[in-house]
Amino acid sequence: MNLLEINHMKKSFDGVEILKDISLAVREGEVVSVIGPSGSGKSTLLRCAAMLEKMDGGELKYLGERAAWEEGGRCVYADKRKLKEIHKHFGLVFQSFHLFPHYSVMKNIIDAPVSVDKVPRKEAEERAVRLLAQLGLEDKKDAYPYQLSGGQKQRVSIARALALQPRILFFDEPTSALDPELTGEVLKVIRELAKQHMTMIIVTHEMQFARELSDRIIFMEQGLIRQQGTPREIFESPNDRVREFIGRLTS
C-alpha cells in the first residue's frame, strides 16, 4: 500500500523552477533516501510533501486521499478539516531541531499531542516517557534545549515527531548541523526506526548511511529525479552523473 503518492509535483520561487516534474510513491515500511547536490530541490520536495510550501502543480495523496491536485490550471488543496486529518499521517524532523527554547523536553514532546490532537495529558506524558527511554533520553525530560547537546536536541525532535504517532516520517538532512560523533547518535536512532519498519523519507548527504539503510535511493538534480533504484543499483550501476556525484562525496 502506498502511504504517499506524488504525481508531477511542480514548485517555483520568484519565477525560478525548483521542482520541475516530480513523481514518486512510497510504500508502507519503505525507507527512501533522497540524495543530490545542493540546490537540486530535495528540501523543497519534503516541504511540499509536508504542506509547509504550496505546490504550483501536480497531485499529492496520503493513503489514497487527495491533499492537493490541479484544477483549472492551478493547484488546489482539500478543505481544512480534511487537511487536518491528513497532517496526522506524517511527522517532520528538521536539520535545525526547531525545539521551543522556553519549553522543557517533556513539554516540547507533549505540546502538539495535547493541544492539537487533544490527547489526555497523562496519556501524552506516558507516551513521551516511553519515547525518551527508547531514544536514550529518559534523564532529560525536565531539561531545556540549551542544556542539551546537538545530538540530544535532534533526538528530542525525533521524539516530538513520533509522539504524534505518524505513519511516515520526513527527515530533512537530520545530521547536517552535527559533528561526526553526534551524527552517529542520530543515525543509530534512525536505524532502530527502520528495524521497526517505520516508513521514512530521508534527505541526506551521508552516502554510506543511505546505502546501508535504504530500500530505495532517489538522486535529484535541477528539480528532476535523474535516477532511482535500490542501493545496489545506485552504487553499482549508476548513470554518469550519479557516479560523478557519489565519487566526489566518497573520495
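- Salt-bridge check for Glu244 with Arg241: passed, with a basic side-chain N closer than 4.0 Å to an acidic carboxylate O.
- Here Asp240 pairs with Arg243 in a salt bridge; the nearest charged N to carboxylate O distance falls below 4.0 Å.
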Self-check item: Met106/Glu125 under side chain to side chain contact (heavy atoms under 4.5 Å, CB included): CA gap, chis, key distance, verdict
Solution: CA-CA 7 Å; Met106 175 62 79; Glu125 288 179 348; 4.2 Å; yes

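- A salt bridge does not link Glu192 to Lys188: none of the charged side-chain nitrogens sits closer than 4.0 Å to a carboxylate oxygen.
- Taking OH of Tyr144 as the start and OH of Tyr103 as the end, the distance is 10.5 Å to the nearest 0.5 Å.
- Panel note: side chain Ser12, backbone Gly15; no donor-acceptor pair is recorded below 3.5 Å.
- Remark: the backbone N or O of Pro231 is not paired with any side-chain donor or acceptor of Arg211 at under 3.5 angstrom.
- If you take CG on Leu135 and CD on Gln154, they are separated by 11.0 Å, rounding to the nearest 0.5 Å.
- Judged by distance alone, the side chain of Asp79 and the main-chain N or O of Lys82 form a donor-acceptor pair under 3.5 Å.
- Between the side chain of Ser96 and the backbone N or O of His98, no donor-acceptor pair lies under 3.5 Å.
- Summarising the local packing, CG of Asp139 is surrounded by more than 12 heavy atoms from other residues, nucleotides or ligands at distances under 6.0 Å.
- In terms of heavy-atom proximity, Leu164 sits nearest to Pro113 at CD2-N, 3.8 Å.
- Listed here is the closest heavy atom pair of Leu213 and Ala194: CD1-CB, 3.5 Å.
- Of the possible polar contacts, none joining the Ser214 side chain to the Ile217 backbone as a donor-acceptor pair under 3.5 Å is found.
- Ion pairing between a basic and an acidic side chain is recognised when a charged N comes within 4.0 Å of a carboxylate O; Lys88 and Glu85 show such pairing.
- Looking only at distances, a side-chain donor or acceptor of Lys42 sits under 3.5 Å from a matching main-chain atom of Gly36.
- Across all non-hydrogen atoms, the minimal contact from Ser40 to Glu221 is CB-CA, 3.6 Å.
- Taking the centre and axis of the six-membered ring of Phe100, the NZ or CZ atom of Lys107 falls outside the cone set by 45° and 6.0 Å.
- The two residues Ile109 and Ala128 make their nearest non-hydrogen contact at CG2-CB, 3.6 Å.
- Contact annotation: the side chain of Leu3 never approaches that of Tyr62 to less than 4.5 Å [non-hydrogen atoms, C-beta and beyond].
- Taken together through direct or relayed side-chain contacts under 4.5 Å among Ile, Leu, Val, Met, Phe, Trp and Tyr, Ile158 and Leu148 form part of one hydrophobic cluster.
- With hydrogens and angles left out, the side-chain atoms of Ser176 and Gln95 include a donor and acceptor closer than 3.5 Å.
- Between Arg74 and Glu70 there is no salt bridge, since no side-chain N of the basic residue sits under 4.0 Å from a carboxylate O of the acidic one.
- Tracing side-chain contacts under 4.5 Å through hydrophobic residues (I, L, V, M, F, W, Y), one reaches Phe171 starting from Val156; they form part of the same cluster.
- The line from CG of Leu60 to NE2 of His8 is 13.5 Å long, rounded to the nearest 0.5 Å.
- Following chains of ILVMFWY side-chain contacts shorter than 4.5 Å, one can reach Met51 starting from Ile168, so the two form part of one hydrophobic cluster.
- Shortest non-hydrogen contact noted between Asn2 and Arg27 is OD1-CG, 3.4 Å.
- Proximity of a side-chain donor or acceptor of Lys20 to a complementary backbone N or O of Glu17 within less than 3.5 Å is not detected.
- The two residues Met55 and Cys48 make their nearest non-hydrogen contact at CG-CB, 4.0 Å.
- The distance from atom CD of Glu126 to atom CD1 of Ile110, rounded to the nearest 0.5 Å, is 11.5 Å.
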Self-check item: Residues Ile202, Phe209; criterion side chain to side chain contact (heavy atoms under 4.5 Å, CB included); working and verdict
Solution: CA-CA 10 Å; Ile202 307 165; Phe209 175 72; 4.3 Å; yes

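- In this structure, Phe170 CZ and Leu52 CG are separated by 9.5 Å, a value rounded to the nearest 0.5 Å.
- When the side chains of ILVMFWY residues are joined at heavy-atom separations under 4.5 Å, either directly or via intervening members, Phe245 and Ile218 end up in two distinct hydrophobic clusters.
- Rounded to the nearest 0.5 angstrom, Asn108 CG and Lys153 NZ are separated by 11.0 Å.
- The pair Glu212-Arg191 counts as a salt bridge, with a side-chain nitrogen and a carboxylate oxygen less than 4.0 angstrom apart.
- Panel note: side chain Gln228, backbone Phe219; no donor-acceptor pair is recorded below 3.5 Å.
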Quiz item: Going through the checks in order, is the side chain to side chain contact (heavy atoms under 4.5 Å, CB included) test met by Leu63 and Met1?
Solution: CA-CA 8 Å; Leu63 280 73; Met1 174 176 144; 3.5 Å; yes

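- Remark: the Ser43 side chain and the Asp172 side chain contain an N/O donor-acceptor pair separated by less than 3.5 Å.
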